[in-house]
> 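The structure that follows is given in the form of structure tokens.
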Amino acid sequence: MSGKAKTAIVPTRSDDYPEWYQQVIKAADLAEVSPVRGCMVIKPWGWSIWENMQAVLDGMFKATGHENAYFPLFIPMSFLQKEAEHVEGFAKECAVVTHHRLEPVPDGKLMPAAPLDEPYIVRPTSETIIGAMYAKWVESYRDLPILINQWANVVRWEMRTRLFLRTAEFLWQEGHTAHATEAEAWEETRRMLDVYADFAENWMAMPVIRGEKTAGERFPGAVSTLSIEAMMQDRKALQAGTSHFLGQNFSRAQQIKFQDQNGQEAFAWTTSWGVSTRLVGALIMSHSDDDGLVLPPKLAPKHVVLLPIYRNDTDRANVLAYCDSLKRDLEAIPYANGRLRVQIDDRDIRGGEKAWHHVKRGVPLRAEIGPKDIAQDAVFLCRRDTGTKASTPRAPFIATVSQTLDEIQANLFQRALKLRQDNTVTIDSLADFQAYFTPKNEERPEIHGGFALCHFSDDPAVDRLLKDMKVTIRCIPLEGDKEPGRCVISGQPSSQRAVFAKAY
RNA sequence: CGGGGUGUAGCUCAGCCUGGCUAGAGCGCUUGCUUUGGGAGCAAGAAGUCGCAGGUUCAAAUCCUGUCACCCCGACCA
């Protein structure tokens, strides 16, 4: 056939980045849009990645003293109304359940029959329902802290959706904690941000900037919102996790109060923090290339795929036997938080097609094994991240495979870090700022911009200009210098720089 | 919710303006043969109430009315 297909994914990243993203998901068989508007079906390969993320994060939460629990999907509407800013932030995107029970009507259809006295909303987040329970559970300072996480689905009725990045229903974890003191709650907020940063960098191989959101970008009802921000390959920012210091706002609204050691009544200090299936989208956009998905080994559903190659039944039996024994040896090797995950793909399809299948799905290592390899007691080993291929004798392959995976993991991180470093600039003039964020081709914007470190001010005129340019203040970095300057847009005095970027 | 667009085979689409044979193509799928160390070739085959409901007509994928769904662009967002 054409045979000249240079890339497995069409279009390429530079041709049309958003379309490339969709095609990678399709080629890797991660997920599909469903018949339900705005909701996705996560398919086994995509789900497996999420499961791996969950397992690691869950371990981290438990290692920091948290326990899992589960709260209802439905929240009485009145609960949401208790915190004014919270209502304002979420009301527009809530799905509302107004009835129970369906009854047949004459034309053979079904109609909701019994209206609810008080409508339920489908949780967009659970501060209110969890807070209502905490109010019952907390009486004394001895009941604090409460450190609970839940793994759940939530619904936010978004206008426009994109697989993994923004869907009407998504999966996440939400941690909700209550503390006796402000300092302790702040410490918790910071601790969980660090957990997220650790996970992003050391498991997803995705460098992140930890920072604080400006007032406009804050979680509705929070005193302060911290986030980790990552740069995707199109140089747009993606918020990958958030940790909120809620102060006493929610505990006041929900009467989470206790008697302190002096017998005084006090409101608890609360936090909440979460990451979602959006992380899968972040993973895709951080590492994948024009041949499809590229997975960091520590989160890959399979680390090594063995591809048997044979022409006749005799070869077939020998090659499969060799693969079986190699698989057993490999699966005994410890890696990351478990053991090596190995697959033999013995489907009866052509070798080339089979190899591409696994390239597109992002399996870190591919070993092709045929009679010639077996004769030399070797495998033909291919690395997904670099595309390098080499005949590798079995013993050294087994001895170094976990090290090779570590190298791939490190390479992906370094590659992503370099992309961010190469596309992070310091800007001090409005003209430079506008030039930086303006594409050369307004009709079909090419990949442009990046992270701009600029002084800023809280001013309506600044907000307006940023909105026009579709640029947002991602965060005020926690680390980095704090020297004062003047807002790049308004010229007003500013105490430190923030990260500006176009964002998902 | 504003502006634009599209519904025809599993997928991508042609056909519609100018109504008329058994509604087409590519990809995919099934079967057979030949192939097989980097996305195979040839041949045969299965597969569509043309989004839905009315209407006009001898005759509707095609014209008219209504309706539903989805997509793109904006406003909103993890």
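For clarity, every value in this text was computed on a predicted model and none was experimentally measured. Labels below follow one simple rule: chain letters A, B, ... track the order of the sequence lines, proteins then strands, and each chain is numbered from 1.
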> Roughly how far, to the nearest 0.5 Å, is CG of Asn153(A) from OG1 of Thr167(A)?
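Going from the OG1 atom of Thr167(A) to the CG atom of Asn153(A) covers 10.5 Å.
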> With Watson-Crick and G-U wobble geometry limited to distances under 3.5 Å, how should the secondary structure of RNA chain B be encoded in dot-bracket form, using | for bases paired to another strand and [ ] for crossing pairs?
(((((((..((((......[...)))).((((((.....)))))).....(((((..]....))))))))))))....
> So what does Thr167(A) touch, heavy atoms closer than 4.0 Å: a base, only the sugar-phosphate, or nothing?
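Base contact - Thr167(A) has a heavy atom under 4.0 Å of at least one base atom.
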> Assign Val154(A) to base, sugar-phosphate, or nothing according to its heavy-atom contacts below 4.0 angstrom with the strands shown.
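No contact.
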> Which residues, if any, of residues 374-389 of chain A bring a heavy atom under 4.0 Å of RNA chain B?
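Phe380(A), Cys382(A), Lys389(A), in order of number.
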> What string of B, S and - do you get for nucleotides 69-75 of chain B, 5' to 3', when a contact is any protein heavy atom under 4.0 Å?
-S--SSB
> Quick one: the side chain of Arg366(A) and the base of G38(B), do they pair up donor-acceptor inside 3.5 Å?
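For Arg366(A), whose side chain was compared with the base of G38(B), there is a donor-acceptor pair (under 3.5 Å).
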> Give Leu165(A) one of three labels, base, sugar-phosphate or nothing, depending on what nucleic acid heavy atoms sit under 4.0 Å from its own.
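Here Leu165(A) touches the bases of the nucleic acid.
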> Looking for any heavy atom pair under 4.0 Å, which part of the strands does Gly351(A) touch: base, sugar-phosphate only, or nothing?
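Nothing: the residue Gly351(A), judged by heavy atoms under 4.0 Å, touches no strand.
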> N/O contacts under 3.5 Å, protein versus nucleotides 26-35 of chain B?
{"from": "U35(B)", "atom 1": "O2", "to": "Arg350(A)", "atom 2": "NH1", "distance (Å)": "3.1"}

> Which atom pair, heavy atoms only, marks the closest approach of Phe79(A) to Ala132(A)?
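For Phe79(A) and Ala132(A), the tightest heavy-atom pair comes out as CE2-CB, 3.4 Å.
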> What's Gln239(A) touching, base or sugar-phosphate or nothing? Going by heavy atoms closer than 4.0 Å.
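Sugar-phosphate: the residue Gln239(A), judged by heavy atoms under 4.0 Å, touches backbone atoms but no base.
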> What verdict does the side chain to side chain donor-acceptor pair (under 3.5 Å) test give for Arg474(A) and Thr472(A), after you've listed the backbone C-alpha separation in whole Å, the side-chain angles of each residue and the deciding distance to 0.1 Å?
CA-CA 6 Å; Arg474(A) 298 318 302 159; Thr472(A) 53; 2.9 Å; yes
> With ring pair (Phe, Tyr, Trp, His ring centres under 6.0 Å) as the rule and sequence neighbours excluded, what pairs involving residues 7-46 of chain A come up?
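Output for this query lists Tyr17(A)-Trp20(A).
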> Suppose you measure atom P in C64(B) against the same atom in G7(B); what distance do you get, rounded to whole Å?
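Between the two P atoms, the distance is 15 Å.
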> I need the full list of ring pair (Phe, Tyr, Trp, His ring centres under 6.0 Å) pairs touching residues 281-302 of chain A, with sequence neighbours left out, sorted by first then second residue.
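Checked against ring pair (Phe, Tyr, Trp, His ring centres under 6.0 Å) - neighbours excluded - no pair reaches residues 281-302 of chain A.
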> Using 4.0 Å as the upper bound for N to carboxylate O, is an ion pair formed by Glu169(A) and Arg156(A)?
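Salt bridge absent between Arg156(A) and Glu169(A).
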> How would you label the contact of Tyr310(A) with the nucleic acid (heavy atoms, under 4.0 Å): base, sugar-phosphate, or nothing?
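The residue Tyr310(A) makes no contact with any strand.
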> Do Phe219(A) and His86(A) have their ring centres less than 6.0 Å from each other?
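Yes, ring centres under 6.0 Å apart.
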